[in-house]
Protein chains: 4
Amino acid sequence: MPRKPNTAQRRSQIVDALRQVMAVSGYAGATIQAIAAKSGLAPGLIHYHFHDKHEILVELVETLVAYARLRYERRAAEATTAAERLRAYIDARLAFGDDAQPDAVAAWVMIGVEAVRDADVRAIYQRAVASELALVRGLLKACLRAAGKRVRALDALAAGLLAYTEGAFVLASNARALVPRGFAATLAAEWIERYIAGETDLPRSKPRSARRPRERRA
Amino acid sequence: MPRKPNTAQRRSQIVDALRQVMAVSGYAGATIQAIAAKSGLAPGLIHYHFHDKHEILVELVETLVAYARLRYERRAAEATTAAERLRAYIDARLAFGDDAQPDAVAAWVMIGVEAVRDADVRAIYQRAVASELALVRGLLKACLRAAGKRVRALDALAAGLLAYTEGAFVLASNARALVPRGFAATLAAEWIERYIAGETDLPRSKPRSARRPRERRA
Amino acid sequence: MPRKPNTAQRRSQIVDALRQVMAVSGYAGATIQAIAAKSGLAPGLIHYHFHDKHEILVELVETLVAYARLRYERRAAEATTAAERLRAYIDARLAFGDDAQPDAVAAWVMIGVEAVRDADVRAIYQRAVASELALVRGLLKACLRAAGKRVRALDALAAGLLAYTEGAFVLASNARALVPRGFAATLAAEWIERYIAGETDLPRSKPRSARRPRERRA
Amino acid sequence: MPRKPNTAQRRSQIVDALRQVMAVSGYAGATIQAIAAKSGLAPGLIHYHFHDKHEILVELVETLVAYARLRYERRAAEATTAAERLRAYIDARLAFGDDAQPDAVAAWVMIGVEAVRDADVRAIYQRAVASELALVRGLLKACLRAAGKRVRALDALAAGLLAYTEGAFVLASNARALVPRGFAATLAAEWIERYIAGETDLPRSKPRSARRPRERRA
DNA sequence: CATGAATGAGGATTCATTCAT
DNA sequence: CATGAATGAATCCTCATTCAT
C-alpha cells in the first residue's frame, strides 16, 4: 500500500513559513530551525522537500510574484475603463483587502535586498520588475489616450509608479507608525490623475469620445 | 612617546568599509573579515575600535543620515524660493552629482531591511524617516502656500515623496537596467508640481505677494 | 493470497547496486538513496531486506569473493598441468573476459580500504586473503615441483602475487590510462615463470615424469 | 607588536593529523573533530588554516608524494650502479627503515581510493603515478642495458613494479599478519633480477664492459 | 594600537534508519 | 512487501569575538 506523496502541500507549507519568518527576520535570519519551527516540521524534513534553503527562497519569490499578479487580475476583471484598470492595479498593489497577506509585503522587501546578493533571486526579481513595468506602461498608455493626452515619458512614469510602490512597501515595513494609515493607494491614484491632467492635449477635436472605442480589456 | 590617537580616522575607515561591503553583500554578508579586508585593517583591530559589529552598523546609519542631510543643506543654501528648496531636496536625494557615494544608496536599502530586525537600527531609521517627513512636509507646505493653494494632506504627500525616494533606491539597487537612466529626480519634480497645480486655490486675491514674506530658509 | 517471496532476488538486486555505486563513490558515498536509485527500489525497501547498510556491504564482499573463486574454478576445470592451473588463476584474477564485472574490481579496491575500518569486513577480507594465499601457495608449489625446482619462500611468493593482483586493481581503478592496456596478466605469468626458472634445481634426475602423477585438481 | 604567523607549522601539524587519522579511519572517517583532537587544536582553527577538509587532503597527498621522492633520493645518492639505484628505489618504497612513517602507507592506500571520487586528488595521484612510472622505467632500462639485455616491454614492467608496490601497501594495511614480515622488498628485487636474467641477450660481444660507461647518476 | 591566531557557538546539510500508510 | 515521508544525530563550515604577542 504505497504512501501518497504530499510534497506539494509540504512545499507550500514550508514556503509559507519562510515568508512569515523572512518578514520578521530577513533571509539570513530565516534559519532552517526557524522555518521548521514555524511550519511545525522537523528540520531534516525541510531538506527532504527542498534541496537547500535557496530553493525555498526561489519558490517563495515565484509564489509572491504569482500572487501579486492574481490580485491584480481579480480586480482588473471587474474594470471596464482604462482608469478603472489602472486603479485596480494600484489597489491590488497598495490597498489592503481581504486577500492581503500581511507578511507578503515585508517579505518582498527582504527579497528585494536578497536580489542584490543572489543571482537567481535577482533574475526572478528583475523578471517581475520588467513584467510589472510592461503592465503599468500599458495601463498608463491607455489612460493617457483615453484622456486625449499625448503619450510621453511612459517608461519613466511606469518606473516612477513602481518605485513608489516598492518604497511604500519599505515604509510599511519599517515606519508604519510614521506615515498616514492607508495613504499609499489614494495618493498614487491622485498623483497619476493629476500628472495625466498636466500632460499636453492631443490635437484631436473630440479626444474623449474619439478614443473611448479603443478601450479594451487588458 | 604617546602616539597620536587615530581612533576617529580608524572608525570612519571601518564605517566606510562596512558601507562598501554592505552595498554588495548586505549586513549578514558583511563579515568582520570582509570589512577588515576592505579597510585594509586587521580583523582584531576592528574590535578594538568598535565593541561589536552592531556598533559599526549604527555608526554607518548615522553617517549616512548626516551625509544625506548635508547634501540637502548644501543645495538648499543656494535656493531662494520654496520651489527651489523643494527641488534642492529632490536633487539631493535622487539626482546624481559629484557628491554621490555610489554605495550609499545600496547600503541604505540594506539598512532599511536591517531596521526590521535590529531595534537600534530601527530607532535611528525611524528617527531619520520622521525627520525627513518633517522636512519634506515643511518644504511642501511652503510650496503650496507660495502657489496660493490650500494646504491639505501634507502628511500623505510627504510620505508619498519619501516612499518614492526609498523605492527609487531599491530599483537603483536591483533593476537599474530596467528603468530609464536618471528618471527619478525629474519625474518627482513634475509629479509634485502637477499635484500642487491640481490642488484647490486659496480664496486669497493676491496669494503670491501675500505669502512670499513668509518664506524662510529651512 | 500469499505472494511468492522475492527476498533473494531483492537482496542480490541491492547488493548489485551497492557494487555499482561503490565502484564510483566508495562506501561512504554509497548512500541508501543512491543504492535505492541504482536498484530502482524505494529507500525504505532496502531496510526491509537488509537490517542496515553494513549488512549489504558484508554480503557484497562475500559475493565478490565467491564470484572470484567461481571464475578461477571455471578456468581451472579445463587445466591439466600445474602451470595451466596457475595460469588459470592469473587469468581469472587479472585478465578481462566475458565474465568480467567491470565494477567488481573497483568495488574490491574500495572494500580493501573499508576493511581497515570495519571489523566484519576485515574479517571476511582477511579470510579471503588467507584462502587466496593458500590457493596460490598450492599452485606455486605444484609448479615448482613440476619444474623440478626446490620449493622455497612459497609464502613470500604467494604474498607477492597477491600484492601484485591487488595493486593491479588499484591502478586499474585510478590510473588505467597510464599503464599498458592488459599488461597485468601477461606480466604476472612471465614473472612467475622466470622466477621459477631462477630457482635451484632439485637433485632428482627425472623431475617431470616423477612428479606428474602427483598433480591433482585443486 | 604584531604577532608572528605560525600558519606553516599549523598546516603541517594538521596535515600530520589527517595522515594519522586517515590511516585508521579513511578520509570519510577523518572528521574535522577527529583531526582537531589528534592535532590538539580547536575544530574552528582547522578551518582557519585550511579553507576546507579537501584542501588538507590535497596537501597531504602532495606531502606524501614529496616524502616518498625524498626517501628514494636519499638512498639513490649512495648508489653507483643501475642495479643499486633500482634497489634503492625498491627499498625506499617497500623496505622499512628509520625514515618510515608508519601511517604513510595506510594513508596512501586510502588516498588511492579517494582518488576515484575526487578529481583534485586523482590529478595529483595520477601525476605521482606517471612520475613514478617514468622513474621506474628509467631505472629498469639502465639495468637491462647494464645487463646486456634487450630492452623490451619497459612500460609493462614499470607498471608491474608499481602495481606490486601499491598492492604491498594494501596488504600491509589490511592483512599484515597473513604475509611474511618484510617480504615485499626482497621479493621485488629477486623478481626483477630474474625477469631481467630471462630477457634476450643483446647481440653485442662484450655487453657488460661496453655498457657500463653509459651508467650515470640519476 | 596592531596583528593574526584561537575559540566555540550556531547554521546548513546529509543520511541511516524508522514508520505510517 | 512497498512506498516515500519523517526524524535526528552527525558533520562541515562560518564567523563574531577574544586574546596572546
Side-chain angles (χ1 to χ4, degrees), chain A residues 1-7 9-10 28-36 40-56, chain B residues 1-7 9-10 28-36 40-56, chain C residues 1-7 9-10 28-36 40-56, chain D residues 1-7 9-10 28-36 40-56:
Chain A
M1 224 184 303
R3 224 177 136 162
K4 189 170 65 177
N6 64 347
T7 293
Q9 309 153 39
R10 284 287 186 245
T31 66
I32 294 290
Q33 289 287 340
I35 297 169
L41 304 174
L45 193 54
I46 308 287
H47 281 96
Y48 180 79
H49 292 291
F50 287 94
H51 179 62
D52 57 17
K53 206 178 130 176
H54 174 257
E55 192 182 306
I56 315 177
Chain B
M1 211 189 315
R3 305 188 197 184
K4 189 169 64 180
N6 61 353
T7 296
Q9 182 200 333
R10 285 285 187 247
T31 67
I32 294 289
Q33 291 286 341
I35 296 168
L41 302 175
L45 198 52
I46 308 286
H47 276 89
Y48 179 83
H49 292 291
F50 288 92
H51 179 255
D52 58 15
K53 199 180 139 180
H54 174 256
E55 193 182 305
I56 316 176
Chain C
M1 208 191 311
R3 305 188 196 183
K4 187 171 64 179
N6 59 354
T7 295
Q9 180 201 336
R10 286 284 188 245
T31 67
I32 295 289
Q33 292 285 340
I35 297 168
L41 303 174
L45 197 52
I46 308 285
H47 276 90
Y48 180 83
H49 292 290
F50 288 93
H51 179 257
D52 58 16
K53 200 179 138 180
H54 174 255
E55 192 182 307
I56 315 176
Chain D
M1 226 182 308
R3 222 177 138 160
K4 190 171 64 179
N6 64 348
T7 294
Q9 308 153 41
R10 284 288 186 246
T31 67
I32 295 288
Q33 291 286 343
I35 298 169
L41 303 175
L45 193 55
I46 309 287
H47 281 98
Y48 180 79
H49 292 291
F50 287 93
H51 178 64
D52 57 16
K53 205 179 130 176
H54 175 256
E55 193 182 306
I56 315 176

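For clarity, every value in this text was computed on a predicted model and none was experimentally measured. Below, chain A is the first sequence line, B the second, and so on; all start at residue 1.
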Mapping B:Ile32 and D:Ala28 to their closest nucleotides on DNA chain F, which lands nearer the 5' end?
D:Ala28
Mate of E:dG11 across any strand shown (Watson-Crick or G-U wobble, both atom pairs under 3.5 Å) is F:dC12
F:dC13 C1' sits how many Å from D:His54 NE2, rounded?
15 Å
Can a side chain N or O of A:Asn6 be found less than 4.0 Å away from OP1 or OP2 on F:dA6?
yes
Rounded to the nearest 0.5 Å, how far does CD1 of C:Ile32 lie from CG of C:Leu41?
11.0 Å
Could you pick out which residue, C:Gln33 or A:Gln33, lies toward the 5' side of DNA chain E when each is mapped onto its nearest nucleotide?
A:Gln33
For the atom pair NE2 (C:His51) and NE2 (C:His54), what is the distance rounded to the nearest 0.5 Å?
12.0 Å
Paired to E:dA6 by Watson-Crick or G-U wobble criteria (both distances under 3.5 Å) is F:dT17
Distance test, side-chain N/O of D:Arg3 to OP1/OP2 of F:dC19, below 4.0 Å:
no
Hey, which sits more toward the 5' end of DNA chain F by its nearest nucleotide, D:Gly44 or A:Lys4?
A:Lys4
Do the side-chain N or O atoms of D:Thr7 get closer than 4.0 angstrom to the phosphate oxygens (OP1, OP2) of E:dG4?
no
Can you see if the side chain of D:Thr31 gets near the phosphate of F:dA10 - specifically, an N or O under 4.0 Å from OP1 or OP2?
no
Write down the distance between CD1 (A:Ile35) and C1' (E:dG11), rounded to a whole number of angstrom.
11 Å
Hunt down the Watson-Crick or G-U wobble partner of F:dC1, both distances under 3.5 Å, from any strand shown, or write none.
none
Positions of residues 45-52 of chain B (non-hydrogen atom under 4.0 Å from DNA chain E), listed by number
B:Leu45, B:Tyr48, B:His49
What are the two closest heavy atoms between B:Lys53 and B:Ala28, and how far apart are they?
NZ-O, 4.1 Å
Inter-residue atom distance A:Gln9.CD - A:Thr7.OG1, 0.5 Å rounding:
9.0 Å
Do any side-chain nitrogens or oxygens of B:Arg10 fall under 4.0 Å of OP1 or OP2 in E:dA2?
yes
Can you measure from CD1 (B:Ile35) to CD1 (B:Ile46) and round to the nearest 0.5 angstrom?
6.0 Å
Is any side-chain heavy atom of B:Asp52 closer than 4.5 Å to a side-chain heavy atom of B:Glu55?
yes
Once you round it to whole Å, what is the distance between P of F:dC12 and NZ of A:Lys53?
21 Å
Where is the tightest heavy-atom contact between C:Asn6 and C:His49, given as atom of each residue plus distance?
OD1-CE1, 4.2 Å
